[in-house]
Amino acid sequence: MITTTALDPQTGSVFGQMQAMEHENLVFCQDGPTGLKAIIAVHNTNLGPALGGCRIWHYDNEAAAVTDALRLSRGMTYKNSIAGLNLGGGKAVIISEQGQVRDEAFFRRFGRFVNDLGGKYITAEDVGISTNEIAIITQETKHVSGKPESMGGGGDPSPITAYTVYLGMKASAKKVWGTDSLAGKRVAVQGVGHVGQNLLGYLQKEGAVLFVSDYYQERAEAIGAQFGATVVGLDEIYDLEIDIYAPCALGATLNDDTIARLHCSVIAGAANNQLKDEVRHGYMLKDRGIVYAPDFLINCGGVINVYHEIHGYNRANVMTDVERIYDYTYKILTLAEQDGISTHEAAMNLARHRVMTGTPIGL
Ligand code: NAD
């Protein structure tokens, strides 16, 4: 069931939402024998084929799945653009249902749907998909990235994502404190999954004072013990007296409620779509004097890793490419300051300009 009002309250239509968000294609895929229901959204291909992972998620209704695919694919356009990649933005979602058997046939069928698009969309990992499933999808299409290292791929992209988040955090620290050392800085990492754990490794080495929270209490306790971090409650994290807040769990954690409560100078984390409202909350952070490192800029390590696979994977080349995130972050924070705009807007302006003109980011 798609309730059109849930899709776009203004126009009441799928096309209305695609128009408002400027999408090229929205493809619905269903297969009876395997029970697969997938949605592939292609946002923009000005810079190249649309690359973005495939997410498996349980949605309250189909409208929510459509909205997620549209929102995430749009985000990929700007992430790929600001990362300087010759890629457009796309994303796939597979609707998770009770009793669904997600076996080899299921993922091979998804691979054939991706293949039908003839390379306009390149898939990869996202929530619910690992390199194991990617290896299966590879049997049906060459338009797939994020392959295991044993297949010549770059493997799990999370460590590289954590590294660019770390670089973005250091550049933000330099902006605020004049030095990028994180020694003694009080840092709260929200969500200690793949990226959060790798980030903690960098922070521990620098001598930061660490706090962690996770939806799974046992995971928080185990990871907290491993990295010498204090475990805090899911909601308590917003009230801590800290220097840096690193959202590495879910989106929309920067909202009316939390921004008023946060006691920190820097926000730098991996989660996608951290600002509940890109414009209003970006400016609320600016008004509170909190330096926000734009999420889609500093979490682009994973997609850079995946991009390199398309041209023959070489880890040294990946690392050379990701190192520039430090300078980019520092320069974008400076630009925002000079122009009196939010850091998110400064990053979006650059990303949009490259999408529209095809010219380099120019930082
Ligand atoms: P993950 O699923 O491995 O880890 C997320 C962790 O957050 C889990 O341990 C989960 O229990 C925890 N969590 C969920 N809700 C929480 C809450 N309310 N409070 C505290 N913890 C909570 O995911 P990941 O791969 O580490 O990615 C983390 C975030 O970064 C996600 O938003 C993801 O979309 C984004 N991201 C990841 C990559 C990557 O390369 N993995 C790249 C770009 C962006």
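Please read these numbers as outputs of a predicted model, since none were measured by experiment. Note that ligands are numbered from 1 as they come in the structure, with each ligand's atoms numbered from 1 the same way.
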Peer 1: Could you tell me if the side chain of K185 sits less than 4.5 Å from the side chain of L203, heavy atoms only?
Peer 2: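 No, their side chains stay 4.5 Å or more apart.
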
Peer 1: Which residue pairs satisfy the salt bridge (charged side-chain N to carboxylate O under 4.0 Å, His left out) criterion with at least one member in residues 146-159, sequence neighbours excluded?
Peer 2: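 Sorted result for residues 146-159: K147-E309.
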
Peer 1: Do any pairs count as a side chain to side chain donor-acceptor pair (under 3.5 Å) and have a residue in residues 193-205, sequence neighbours left out, and if so which ones?
Peer 2: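 Residue pairs with at least one partner in residues 193-205: there are none.
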
Peer 1: Check ligand 1 for N or O atoms under 3.5 Å from a protein N or O and list each pair with its distance.
Peer 2:
residue  : atom   : partner : partner atom : Å
ligand 1 : 3 (O)  : H194    : N            : 2.9
ligand 1 : 3 (O)  : H194    : ND1          : 2.6
ligand 1 : 9 (O)  : D214    : OD1          : 3.2
ligand 1 : 9 (O)  : D214    : OD2          : 2.6
ligand 1 : 9 (O)  : R219    : NH1          : 2.5
ligand 1 : 11 (O) : D214    : OD1          : 2.6
ligand 1 : 21 (N) : Y215    : N            : 3.2
ligand 1 : 26 (O) : H194    : N            : 3.1
ligand 1 : 26 (O) : V195    : N            : 2.8
ligand 1 : 30 (O) : A270    : O            : 3.3
ligand 1 : 32 (O) : A249    : O            : 2.7
ligand 1 : 34 (O) : N272    : ND2          : 3.1
ligand 1 : 40 (O) : T161    : OG1          : 2.7
ligand 1 : 41 (N) : S158    : OG           : 3.2

Peer 1: May I ask you to say whether E337 pairs ionically with K175, meaning some side-chain N is under 4.0 Å from a carboxylate O?
Peer 2: yes

Peer 1: Please name all residues satisfying side chain to side chain donor-acceptor pair (under 3.5 Å) with D339, sequence neighbours left out, ordered by chain then number.
Peer 2: none

Peer 1: Does the distance from a Lys or Arg side-chain N to an Asp or Glu carboxylate O, for D327 and R324, drop under 4.0 Å?
Peer 2: no

